[in-house]
Amino acid sequence: MSTSPRPAAPMPAVPAMPPATHPAGALEARGVTLAYERSVVFEGLDLRIETGEITTLIGANGSGKSTLLKAFGRLLAPTAGAVELGGRGIRSMATREVARQLAILPQKPLTPQATSVRDLVSRGRHPHQSLFRPWTPDDSRIVDAALRDTGLTELADRDAASLSGGQLQRAWIALVLAQQAPIILLDEPTTFLDLTHQLDVLRLVRSINRERGATVVMVLHDLTLAGRYSDRLVVVGGGRVIADGAPWEVLTPGILREAFDLDAIVIADPSTGSPLIVPVDPAPDAGTATGNGTGTSARTGMQG
Ligand SMILES: Nc1ncnc2c1ncn2[C@@H]1O[C@H](COP(=O)(O)OP(=O)(O)OP(=O)(O)O)[C@@H](O)[C@H]1O
């Protein structure tokens, strides 16, 4: 087995992209009920996404994170209440108008057949085109930058369907970047990615937020990475928001136990100072009990 490092496809910390061209309107769920046929996931939920922040939705499997993100992205219609963008009901807005303000990476995007990676990423420019505004060299430049920033330049001419899971995930992220929307919704953007590429993507997301002022809402499963790269965490479960706040306010042993049925110690990550979640195995004599009450939160060292 080779011990040499794999060829890196690093993404630059600051993407070469101009500031978002359209002003971001605030995104807000007002009294929304989200349901599938007869199963209600949320009822009368209020949640305002603060402009210019990175907000990450966390929660156990099936708690409704994707459902909520889909409602924010206009992919799922509330059965009551409304999602508003800039104070207007998102469902009454024209698709192109929404797409200029909001880009969404769904959990399982359908990859078109016989489409090159470059063509896939170019679809991100569609909302900016019209009869009177055809493809321009600027569009090509933006697509090239998105390919470069996701480490895909070398793969640009490959059939997208032939990419590995991680490469394809980066191609979808490149499409979202090329859209240059001021609000970006990402459902599990690190799925399929090795740890290095997970960090690359999250650093890229943060740089787009910090450099371009993009508002980001994402779903992540890795709680430590969520704490490291988010301004705000929203924990969902049991049909409601269990907790909402800065990472250190939310990633507490009590909330982790409530939301995930997880016993964990929370310590300060030595490299960033953000919360580092350390799951605790049940004591050997604890039988089937999952909670031993020893979890704690400490910024200075491990306790419990
Ligand atoms: N298309 C659908 N039809 C019916 N029920 C659905 C559909 N999509 C999701 N659900 C149900 O809605 C609930 C919330 O699902 P959702 O995918 O939003 O959860 P999640 O928190 O994103 O889960 P995960 O972490 O597993 O991705 C679950 O009970 C799920 O089974």
Side-chain angles (χ1 to χ4, degrees), residues 27-49 54-83 90-91 102-111 165-166 168-170 172-173 176 183-195 197-198 201-202 205 215-230 232-245 247 250-252 254-264 275 277 279 290:
L27 195 56
E28 187 164 8
R30 285 175 172 270
V32 296
T33 296
L34 303 174
Y36 299 99
E37 293 168 0
R38 286 187 191 161
S39 83
V40 175
V41 183
F42 294 105
E43 196 163 3
L45 182 84
D46 293 312
L47 185 64
R48 182 184 163 84
I49 301 302
I54 299 179
T55 300
T56 300
L57 309 177
I58 58 175
N61 287 139
S63 57
K65 305 176 294 295
S66 296
T67 298
L68 192 48
L69 202 77
K70 281 190 282 186
F72 277 131
R74 214 179 70 148
L75 299 180
L76 180 69
T79 53
V83 171
I90 198 168
R91 300 204 63 80
L102 191 150
I104 181 164
L105 172 68
Q107 195 174 39
K108 294 176 198 151
L110 278 179
T111 306
L168 186 58
Q169 182 73 355
R170 280 152 53 206
W172 282 108
I173 291 167
V176 166
I183 301 174
I184 297 174
L185 310 180
L186 303 166
D187 198 344
E188 299 187 33
T190 54
T191 305
F192 301 121
L193 302 185
D194 61 55
L195 185 55
H197 281 112
Q198 289 184 41
V201 163
L202 293 173
V205 165
T215 301
V216 178
V217 187
M218 58 184 170
V219 173
L220 289 180
H221 278 290
D222 187 311
L223 301 176
T224 296
L225 291 180
R228 184 188 281 209
Y229 290 101
S230 309
R232 173 189 179 197
L233 300 179
V234 176
V235 190
V236 294
R240 65 187 180 92
V241 171
I242 293 175
D244 180 352
V250 164
L251 295 175
T252 66
I255 292 171
L256 294 175
R257 193 172 299 119
E258 181 179 355
F260 297 95
D261 193 19
L262 173 75
D263 261 335
I277 314 303
T290 54

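All heavy atoms count here, side chains included; hydrogens, waters and symmetry mates do not. All ligand and atom numbering here is 1-based and tracks the order in the structure.
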Given the options I255, L256, L251, I58 meets side chain to side chain contact (heavy atoms under 4.5 Å, CB included) only with L251
For D244, which of L47, V250, L233 qualifies under side chain to side chain contact (heavy atoms under 4.5 Å, CB included)? L47
Spacing of OG1 belonging to T55 relative to CZ belonging to R232, to within rounding of 0.5 Å: 5.0 Å
Taking atom 30 (C) of ligand 1 as the reference point, report whether a protein heavy atom occurs under 4.0 Å from it. no
S66 meets the side chain to side chain donor-acceptor pair (under 3.5 Å) criterion, sequence neighbours left out, with D187
Would you say S63 contacts ligand 1, with heavy atoms under 4.0 Å as the rule? yes
Looking only at atom types and distance, does a side-chain atom of T33 sit under 3.5 Å from a main-chain N or O of G44, one as donor and one as acceptor? yes
Within the 3.5 Å criterion, strictly below it, is a donor on T67 or Y36 matched to an acceptor on the partner's side chain? yes
Provide the number and element of each atom of ligand 1 under 4.0 Å from a heavy atom of [X].
X    : value
V41  : 12 (O), 13 (C)
E188 : 27 (O)
A60  : 21 (O)
T67  : 14 (C), 15 (O), 16 (P), 18 (O)
H221 : 25 (O)

For atom 24 (P) of ligand 1, which candidate among N61, T191, I58 provides the closest heavy atom? N61
